[in-house]
Amino acid sequence: MTDLHSHLRARLLTAVTELGLPRAEAESLVRLDPPKNRDHGDVALGTFQLAKLAGKAPPALAAELAAKITADAIVESASAAGPFVNFRFRRGALAREVLSAIQGDLAPYGKARSNGQIVCIDFSSPNIAKPFHIGHMRSTVIGNSLCRIHRHQGATVHGINHLGDWGMPFAKMMTAYMRWGNEQELHKSPMRYMFDLYKRYGVEVKQNPALDDEAAAHFRALESGADNQERRMWRLLRDESLKAFQGPYTRLGVTFDHVTGESFFEDKMEAAMQRVTASSVLEDSDGAQVVWLKELGIKEPCLLRKSDGTTLYHTRDLAAAFYREQQFHPTRILYVVGAEQKLHFDQLKGVLTKMQEPIAKAVEHVPFGLVLSKTEDGKWEKFASRAGNAVFLDEILDESVAKVRSIIREKNPDLPNADEVAEQIGVSAIVFNDLKNSRIKDVKFDWDAMLNFDGETGPYVQFACARLSSILRKVGTQVPSVDAIDCDVLADAERVLLVMMDFGTAVQRAAEQSEPSHVTAHTIALAGEIHSYLRDHYVVGQEAKVRDARLVLVDAARRLLTTGLSLLGIKAPERM
RNA sequence: GCGCCCGUAGCUCAGCUGGAUAGAGCGGCGGUCUCCGAAGCCGCAGGUCAGAGGUUCGAAUCCUCUCGGGCGCGCCA
């Protein structure tokens with residue numbers, strides 16, 4: 001909430017109290033929202049609940065409140081419109097408040113001071129020994145954005161890559177490698193090679209189901225802790241995978257505070273199991289050890305130990321939860337994992353709840369939809385390349401970058417660092433597209449739409465930044481301080497200023513709901529408003545008073561767009 | 001079979017937790033660069049918010065059912 005809002009709210013609470021309403025109850029009912037149609041005013045108050053409390057008709061109360069809020073240095077007008085009261089801030093006050101906070105890098109536009117939250121974000125978490133493909137991208141970019149958003153909000157963030165480097169998929173990979181692989185081939189192109197082996201396993205296991213038993217035996221050998229052949233192979237394949245993942249991570253600008261894969265919890269699982277046993281929620285079922293969660297409305301039991309004594313995904317997540325609790329004391333643990341794993345996380349939370357572990361409250365699954373691609377006949381299906389196989393992320397990024405490169409050649413042939421810029425914009429276009437809609441929605445990945453950089457896209461927002469930077473360069477003079485300009489001149493920029501004012505709400509909602517798309521939407525809205533504004537409002541060649549005021553506005557817009565994009569993990573180029 | 005998610009313009013989506021005349025982008029049509037970037041801007045066309053009941057002063061939003069689509073349901077992760 002900005003100072004403008006606080007001021008108005010304080011006046012409203014006084015007015016409401018004077019009308020005889022209990023302040024404590026009115027407190028939560030005085031909610032200032034942006035009106036659906038901004039022509040009505042800058043902020044609006046719906047009086048429905050307040051009227052009920054007062055025992056009056058909403059329009060009557062609205063009229064009374066409007067009369068009580070007389071104009072002052074900040075509020076220009078209050079007018080009743082049926083059951084609503086619409087407020088307008090003085091344009092000068094609006095401009096001064098918003099622009100000085102942006103210029104001063106103050107919250108919510110700049111990074112907030114500590115808010116006391118400690119947030120663990122478990123994201124990306126690819127399975128090693130498999131290529132980094134399009135399916136891994138969503139968790140990676142959503143999680144990365146959430147890390148940035150929470151840091152901006154003042155939380156202490158632990159971004160964790162919970163690598164899938166343990167368990168049966170890995171054992172299958174190992175089996176394939178032992179049967180058909182060799183190290184020379186592996187080193188030539190590790191990911192391709194491992195992926196081919198993995199695919200071969202999938203084919204051959206259909207003919208020879210005994211392969212799965214072989215894999216299970218290898219996993220037992222690995223989990224025995226002995227320094228055996230399996231252990232050495234695990235180390236080799238894990239190292240190669242990690243090296244290969246570094247490519248996509250660097251391109252996406254993603255870093256982690258901790259890379260603690262499932263294997264990290266190898267020696268912590270027995271303690272975790274003992275803790276479960278001690279809480280007496282563990283039961284035997286067909287030789288396996290499970291926790292029943294029927295009383296929590298979950299029919300399927302949570303398996304924590306297989307009948308052959310080895311552990312499962314759940315066991316490792318449980319050990320991880322205990323570890324994080326003890327190590328970080330998190331207020332929230334966000335698991336950025338596909339929606340298809342909802343049951344898994346319901347069970348994880350369920351087991352912790354049944355054990356009466358306080359950390360249970362912190363566990364939050366952050367689900368997201370699938371990446372789909374368009375088939376020949378216009379239907380949507382799980383992403384596959386044009387050739388029909390899983391698609392490596394690098395291929396997609398490369399195609400996007402190449403497209404950007406050709407656009408630059410056409411539109412801006414003299415751009416000095418064209419390759420670098422093309423990489424920035426091409427990758428951003430893919431990331432932005434992923435963060436544009438509610439995360440629960442499937443991402444419909446249509447090359448034609450994807451490589452069209454018009455409208456609500458990453459390049460559109462980046463273009464606004466480049467355009468603003470260009471204006472600042474052309475003007476050449478230093479951007480003045482907000483205190484040194486006449487803010488009343490910016491009355492014509494009210495639409496831009498009002499959108500800027502919404503930034504804090506957008507980021508806050510993004511953090512609370514784990515929904516980066518609120519930030520994405522804000523950058524689009526701001527870019528749109530500033531583009532429209534610039535059409536009729538020049539900066540260069542204006543008299544000093546007007547030029548300086550607009551200069552501050554342009555600079556603030558560029559800063560805020562840059563901040564918004566950075567919360568998405570996207571860079572804003574100076575030129576493009 | 002049971003559970004969860006989704007259904008809003010030709011297409012892809014918003015809709016701020018129940019409020020004012022349901023908004024964008026793409027695609028289509030028509031304008032707009034010898035003045036700060038046309039990857040832009042301005043305008044036009046396009047809607048039974050899947051359907052039916054219900055709650056409410058008020059429903060795209062909450063509840064029930066139906067119909068479509070997707071995902072998940074013991075020794076995989």
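Throughout, protein chains are lettered first and strands after them, A, B, ... in sequence-line order, and every chain is numbered starting at 1.
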Checklist entry - Cut-off 3.5 Å, side chains only: do A:Arg316 and A:Thr311 have a donor facing an acceptor? => result yes
Next on the checklist: Could you tell me how far B:rU64 sits from B:rG69 if I compare only their P atoms? Round to whole Å.
Outcome noted: 22 Å
Checklist entry - If you look at every strand shown and take non-hydrogen atoms under 4.0 Å, does A:Ile524 touch a base, only sugar-phosphate, or nothing? => result nothing
Next on the checklist: Between A:Tyr198 and A:Asn127, do the side chains contain a donor N or O and an acceptor N or O under 3.5 Å apart?
Outcome noted: no
Next on the checklist: With the six-membered base ring of B:rC76 as reference, does the ring of A:Tyr313 sit under 5.5 Å away with planes under 30° apart?
Outcome noted: no
Checklist entry - Which nucleotide in the list B:rA39, B:rC75, B:rA77 gets nearest to the side chain of A:Gln341? => result B:rA77
Next on the checklist: Applying the 5.5 Å / 30° rule, does A:His40 stack onto the base of B:rA20?
Outcome noted: yes
Checklist entry - Taking atom C1' in both B:rC5 and B:rA45, what distance in whole Å separates the two? => result 34 Å
Next on the checklist: Please pick, from B:rC6, B:rA77, B:rC41, the nucleotide with the shortest atom-to-atom distance to any side-chain atom of A:Ile440.
Outcome noted: B:rC6
Next on the checklist: Roughly how many Å apart are B:rA14 and B:rG7, using the P atom of each and rounding to a whole number?
Outcome noted: 8 Å
Checklist entry - With no angle test and no hydrogens, is the base of B:rA20 tied to the side chain of A:Asp39 by a donor-acceptor pair under 3.5 Å? => result no
Checklist entry - Ring of A:Phe463 versus six-membered ring of B:rG37: centres under 5.5 Å and planes under 30°? => result no
Next on the checklist: Categorize A:Ala521 for me: base, sugar-phosphate, or nothing, with a 4.0 angstrom heavy-atom threshold over every strand shown.
Outcome noted: nothing
Checklist entry - Among B:rA38, B:rC26, B:rC41, which nucleotide sits nearest the side chain of A:Ser532? => result B:rC41
Item to check | B:rC6 to B:rG46 separation - P atoms, rounded to the nearest Å | outcome: 31 Å
Checklist entry - Where the side chain of A:Arg575 is concerned, which of B:rU12, B:rG37, B:rC75 is the nearest nucleotide? => result B:rG37
Next on the checklist: Please check: side-chain N/O of A:Glu529 versus main-chain N/O of A:Val499, any donor-acceptor pairing under 3.5 Å?
Outcome noted: no
Checklist entry - Quick one: which of B:rC41, B:rG7, B:rA20 gets closest to the side chain of A:His531? => result B:rC41
Checklist entry - Contact class for A:Asn433 vs. all strands (heavy atom < 4.0 Å): base, sugar-phosphate, or nothing? => result nothing
Checklist entry - Nearest to the side chain of A:Ile425 - B:rG37, B:rG74, B:rA39? => result B:rA39
Item to check | Options B:rG19, B:rC41, B:rC36, nucleotide nearest the side-chain atoms of A:Phe48 | outcome: B:rG19
Checklist entry - In whole Å, what is the span from the NZ atom of A:Lys36 to the P atom of B:rA22? => result 9 Å
Checklist entry - Should A:Lys474 be listed as having a side-chain N or O under 4.0 Å from OP1 or OP2 of B:rC35? => result no
Next on the checklist: Counting only side-chain heavy atoms from C-beta out, which of B:rG15, B:rU17, B:rG40 sits nearest to A:Tyr460?
Outcome noted: B:rG40
Checklist entry - B:rU17 and B:rC11: how far apart are their P atoms, nearest whole angstrom? => result 29 Å
Checklist entry - Which part of the nucleic acid, if any, lies within reach of A:Lys299 when heavy atoms closer than 4.0 Å are counted: base, sugar-phosphate only, or nothing? => result sugar-phosphate
Next on the checklist: Students often get this wrong, so: under 4.0 angstrom with heavy atoms, is A:Ile408 touching a base, only sugar-phosphate, or nothing?
Outcome noted: base
Checklist entry - Out of curiosity, A:Ile471 CD1 to A:Leu553 CG, how far, rounded to the nearest 0.5 Å? => result 10.0 Å
Checklist entry - So what does A:Ala44 touch, heavy atoms closer than 4.0 Å: a base, only the sugar-phosphate, or nothing? => result base
Item to check | Under 3.5 Å on both distances, the Watson-Crick or G-U partner of B:rG28 | outcome: B:rC44
Checklist entry - More than 12 heavy atoms of other residues, nucleotides or ligands under 6.0 Å from CZ of A:Arg238: is that the case? => result yes
Next on the checklist: How many whole angstroms separate atom NE2 of A:His522 from atom C1' of B:rC16?
Outcome noted: 12 Å
Next on the checklist: Tell me which one of A:Asn161, A:Thr140, A:Ile128 satisfies side-chain contact (heavy atoms from CB on, under 4.5 Å) with A:Phe245.
Outcome noted: A:Ile128
Checklist entry - Considering only the P atoms, how many Å lie between B:rG53 and B:rA59, rounded to the nearest integer? => result 14 Å
Checklist entry - Nearest to the side chain of A:Asp33, which nucleotide is it out of B:rA39, B:rU17, B:rC4? => result B:rU17
Checklist entry - Is A:Gln513 touching bases, backbone alone, or none of the nucleic acid, heavy atoms closer than 4.0 Å? => result base
Checklist outcome for this item: From the candidates B:rA77, B:rC73, B:rC13, the one with an atom nearest any side-chain atom of A:Leu343 is B:rC73
Item to check | Side-chain donor-acceptor pair present, A:His162, A:Glu262, cut-off under 3.5 Å | outcome: no
